[in-house]
Asker: 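Sharing a structure here in structure tokens format.
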Amino acid sequence: MPATRKDSTNDQPAGAATIKPAAARRATRRSAPKGVSRKLFVLDTNVLMHDPTSLFRFEEHDLYVPIMTLEELDNNKKGTTELARNTRQASRLLDEIVSAAPNGIDAGIALDQASRGMATGRLYLQTEAIDVRLPAALPTARGDNQILAVVMYLADKHPGREVILVSKDINMRIKARALGLAAQDYFNDKVLEDSDLLYTGIRELPADFWDTHGKGMESWKEEGQTYYRISGPLAPDMLINEFVYQDGDSPLQAWVREKRGRSVVLETLVDYGHQKNNVWGITARNREQNFALNLLMNPDIDFVTLLGQAGTGKTLLTLAAGLTQVLESKRYSEIIMTRVTVPVGEDIGFLPGTEEEKMAPWMGALEDNLEVLNGTAGEGGDWGRAATRDLIRSRIKIKSLNFMRGRTFLNKYLIIDEAQNLTPKQMKTLITRAGPGTKVICMGNIAQIDTPYLTEGSSGLTFVVDRFKGWEHSGHITLQRGERSRLADHAAEVL
């Protein structure tokens, strides 16, 4: 659920103190004491380009859009990038709001109707020339400084009212504060303020778990797995497909398969750490990898998210499970792999060849892991290994995100790599491509975000982890231990 905006003075949300459903928020506004001044938020261009619906996210407070913001929207509307699409959507929303204004725009436009009750403030557009003398070090030719001039003018014009600049640009906020103006980041797109609060998919059971939850417990075996129906103080907090474990003399690894009221059903896991249960020659090296393989190999799970730092085995486990289910059990027809093409360093320019050849430089992780998996495919000499490699590559397709809109994948094993660089809107576009029989796996490390304006709290990967938790056909695991090498593990800790 999106977080509400924070107030710069008391560090509390500008609307309700806690996140509430829309109906509850509207009831709160109606009962608000009279005479409480509404804040006036001045929107920087990057806020509208990042989230066009930000116009409706400020609840009872008023918005002000400077003429320079409109000018910059006009300059960025062309193109097929996500920012250009958002810019056009923001312009369309502004046009709808302004066109529906019955008495012109000088007195502000009520947002109630346009936002369907989400916002009850008013929208003001700059309708007059503003002449404010900025410090000599701030040239007025820059768009950012002209917006700062508007904020200074509004602060002088409304001395008894809180005027706040909202910008995704850190330097813009610093300049505003240096001029004695209030400035804030845009918080509404953030799923979580602190990434440490993100759902991990794993719960450690306390030592007295069976004492407090054993009363009335039912236990039975089915198809080689043991099931426990339990109730107790922890049961209502557990989520479907959440993994639980307990170390000690009688270790337990299980996951929640059913939840009814205050009781849950736990199912013991397949031990993929044992060689007899290896997946394309790969065995789980730690507890979290075993949990991940149980999700990846289960046909009832349609959507899997894997988080973890470099070297935790996300790509290797996902590919091993995919090859097993495509080439051995024939559960899926082929593997499709895609990722966001955001460079870490300088862009290498245009690339020749087909779509797959253009994507090849971005797919080094795929090739590296295929080398490992080819080495586990058994003996057969050079010819046998070459034939196996050709067979594997023929069942793996590499696709670009740019051509995903409108497609439907039937009976495919879809891998979305580096998913932390996707926006929530891009993530929705990708996941809704899944047709019948398709399994989608999203992998990433939210500590390595390369997309501008995306943070750990607003990444599309964080968004889907939070929104899908508790759905019976999805699962999530945060992998903790690196298994790449002692050098990689140490580097991840100290660098």
Side-chain angles (χ1 to χ4, degrees), residues 1-3 18-21 190-206 208-210 212-214 216-219 222 225-247 251-270 272 287-308 314 317 419 424 427-428 431 434 439-444 446 456-457 459-480:
M1 183 175 290
T18 56
I19 301 170
K20 303 178 182 179
K190 293 186 178 177
V191 180
L192 296 168
E193 287 298 319
D194 187 352
S195 60
D196 291 339
L197 301 176
L198 186 63
Y199 173 63
T200 63
I202 304 168
R203 180 189 296 265
E204 182 178 7
L205 300 178
D208 63 347
F209 176 78
W210 296 110
T212 56
H213 294 73
M217 181 184 72
E218 301 174 38
S219 177
E222 191 176 310
Q225 304 304 117
T226 305
Y227 293 81
Y228 303 95
R229 186 184 301 279
I230 60 170
S231 58
L234 286 179
D237 297 331
M238 292 182 180
L239 297 172
I240 291 182
N241 295 336
E242 183 177 18
F243 290 88
V244 298
Y245 72 93
Q246 188 180 53
D247 297 326
L252 171 73
Q253 290 187 11
W255 56 337
V256 181
R257 300 300 285 148
E258 187 181 309
K259 183 176 180 179
R260 291 182 183 174
R262 300 185 64 83
S263 69
V264 294
V265 174
L266 303 181
E267 176 190 349
T268 56
L269 301 178
V270 177
Y272 287 105
R287 181 193 303 120
E288 289 81 17
Q289 287 192 355
N290 190 42
F291 294 164
L293 282 172
N294 273 273
L295 288 175
L296 293 168
M297 296 297 292
N298 192 304
D300 292 332
I301 305 297
D302 299 332
F303 183 69
V304 179
T305 47
L306 299 178
L307 261 65
K314 303 183 297 291
L317 296 175
M427 188 66 83
K428 179 182 178 182
I431 297 173
K439 185 170 190 139
V440 180
I441 298 92
C442 292
M443 306 180 296
I446 57 173
E456 294 181 0
S459 165
L461 185 55
T462 307
F463 179 72
V464 292
V465 169
D466 187 70
R467 293 299 174 92
F468 273 89
K469 66 182 180 185
W471 186 47
E472 60 182 327
H473 298 294
S474 73
H476 167 72
I477 285 295
T478 299
L479 297 162
Q480 304 289 351

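In what follows, residues are counted from 1 in the order of the sequence shown.
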Asker: Mind checking what makes side-chain hydrogen bond (donor to acceptor under 3.5 Å, both in side chains) contact with Thr478, not counting sequence neighbours?
Answerer: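 Listed in chain order: His476.
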
Asker: Residues in side chain to side chain contact (heavy atoms under 4.5 Å, CB included) with Ile240, at least two apart?
Answerer: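 Ile240: side chain to side chain contact (heavy atoms under 4.5 Å, CB included) contacts with Lys259, Glu472.
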
Asker: Please round to the nearest 0.5 Å and tell me the distance separating atom CD of Gln289 and atom CG of Leu317.
Answerer: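 Answer rounded to 0.5 Å: 4.5 Å.
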
Asker: Not counting sequence neighbours, which residues clear side-chain hydrogen bond (donor to acceptor under 3.5 Å, both in side chains) with Gln246? List them please.
Answerer: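 Testing Gln246 for side-chain hydrogen bond (donor to acceptor under 3.5 Å, both in side chains), a comparison that skips the adjacent residues, returns Trp210.
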
Asker: Taking the side chain as everything from C-beta on, heavy atoms only, tell me whether Leu239 gets closer than 4.5 Å to Val256.
Answerer: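 Result no, sub-4.5 Å side-chain heavy-atom pair not found.
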
Asker: According to side chain to side chain contact (heavy atoms under 4.5 Å, CB included), who are the partners of Pro206, at least two apart in sequence or on a separate chain?
Answerer: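 Expected list: Asp208, Phe209, Leu234.
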
Asker: Can you name the residues that form a side-chain hydrogen bond (donor to acceptor under 3.5 Å, both in side chains) with Glu204, not counting sequence neighbours?
Answerer: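 Glu204 satisfies side-chain hydrogen bond (donor to acceptor under 3.5 Å, both in side chains) with Tyr245 only.
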
Asker: Which residues pass the side chain to side chain contact (heavy atoms under 4.5 Å, CB included) test with Arg262, not counting sequence neighbours?
Answerer: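 So Arg262 forms a side chain to side chain contact (heavy atoms under 4.5 Å, CB included) with Pro236.
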
Asker: Which distance, rounded to the nearest 0.5 Å, do you find between the CG of Leu461 and the CG of Leu307?
Answerer: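 The distance works out to 4.5 Å.
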
Asker: Whether the side chain of Ser459 engages the backbone of Glu456 through a donor-acceptor N/O pair (distance < 3.5 Å, no angle test) should be reported.
Answerer: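 No, the answer is negative, given that no donor and acceptor are paired below the 3.5 Å cut-off.
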
Asker: List in chain and number order the residues that pass side chain to side chain contact (heavy atoms under 4.5 Å, CB included) with Ala235, two or more places apart in sequence or in another chain; answer none if no residue qualifies.
Answerer: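 For Ala235, the residues satisfying side chain to side chain contact (heavy atoms under 4.5 Å, CB included) (neighbours in sequence not counted) are Val264.
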
Asker: With sequence neighbours left out, write down each residue that passes salt bridge (Lys or Arg N to Asp or Glu O under 4.0 Å) with Glu218, or none if nothing qualifies.
Answerer: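 Listed in chain order: Arg229.
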
Asker: With sequence neighbours excluded, what pairs up with Asn294 under the side-chain hydrogen bond (donor to acceptor under 3.5 Å, both in side chains) test?
Answerer: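 Asn294 satisfies side-chain hydrogen bond (donor to acceptor under 3.5 Å, both in side chains) with no residue once adjacent residues are dropped.
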
Asker: Keeping the roles fixed (side chain from Thr268, backbone from Thr226), state whether a donor-acceptor pair exists under 3.5 Å.
Answerer: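 Between the backbone of Thr226 and the side chain of Thr268 there is a qualifying donor-acceptor contact (under 3.5 Å).
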
Asker: Begin with the C-alpha distance, continue with both residues' side-chain angles, and end with the deciding distance and a verdict on side-chain contact (heavy atoms from CB on, under 4.5 Å) for His213 and Leu266.
Answerer: CA-CA 12 Å; His213 294 73; Leu266 303 181; over 6 Å; no

Asker: Going by the rule ring pair (Phe, Tyr, Trp, His ring centres under 6.0 Å), which residues pair with Phe291 if we only count those two or more places apart in sequence or in a different chain?
Answerer: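 Phe291 satisfies ring pair (Phe, Tyr, Trp, His ring centres under 6.0 Å) with Phe243 only.
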
Asker: Find out whether Val270 and Met297 are in side-chain contact, i.e. whether some heavy atom of one side chain is under 4.5 Å from a heavy atom of the other.
Answerer: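 Side-chain contact under 4.5 Å: no.
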
Asker: Which residue pairs pass the side chain to side chain donor-acceptor pair (under 3.5 Å) test when at least one of the two sits in residues 233-243, sequence neighbours left out?
Answerer: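 Listed by first then second residue: Arg203-Glu242, Asn241-Arg257.
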
Asker: Sequence neighbours excluded, which residues qualify as salt bridge (Lys or Arg N to Asp or Glu O under 4.0 Å) partners of Lys469?
Answerer: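 By the salt bridge (Lys or Arg N to Asp or Glu O under 4.0 Å) rule, Lys469 matches Asp466.
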
Asker: Say whether, by atom type as modelled, one donor and one acceptor occur between the side chain of His473 and the main chain of Phe303 under 3.5 angstrom.
Answerer: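 Judged by distance alone, no pair lies under 3.5 Å.
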
Asker: Can any side-chain N or O of Lys439 pair as donor or acceptor with the backbone N or O of Asn298 at less than 3.5 Å?
Answerer: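 Present.
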
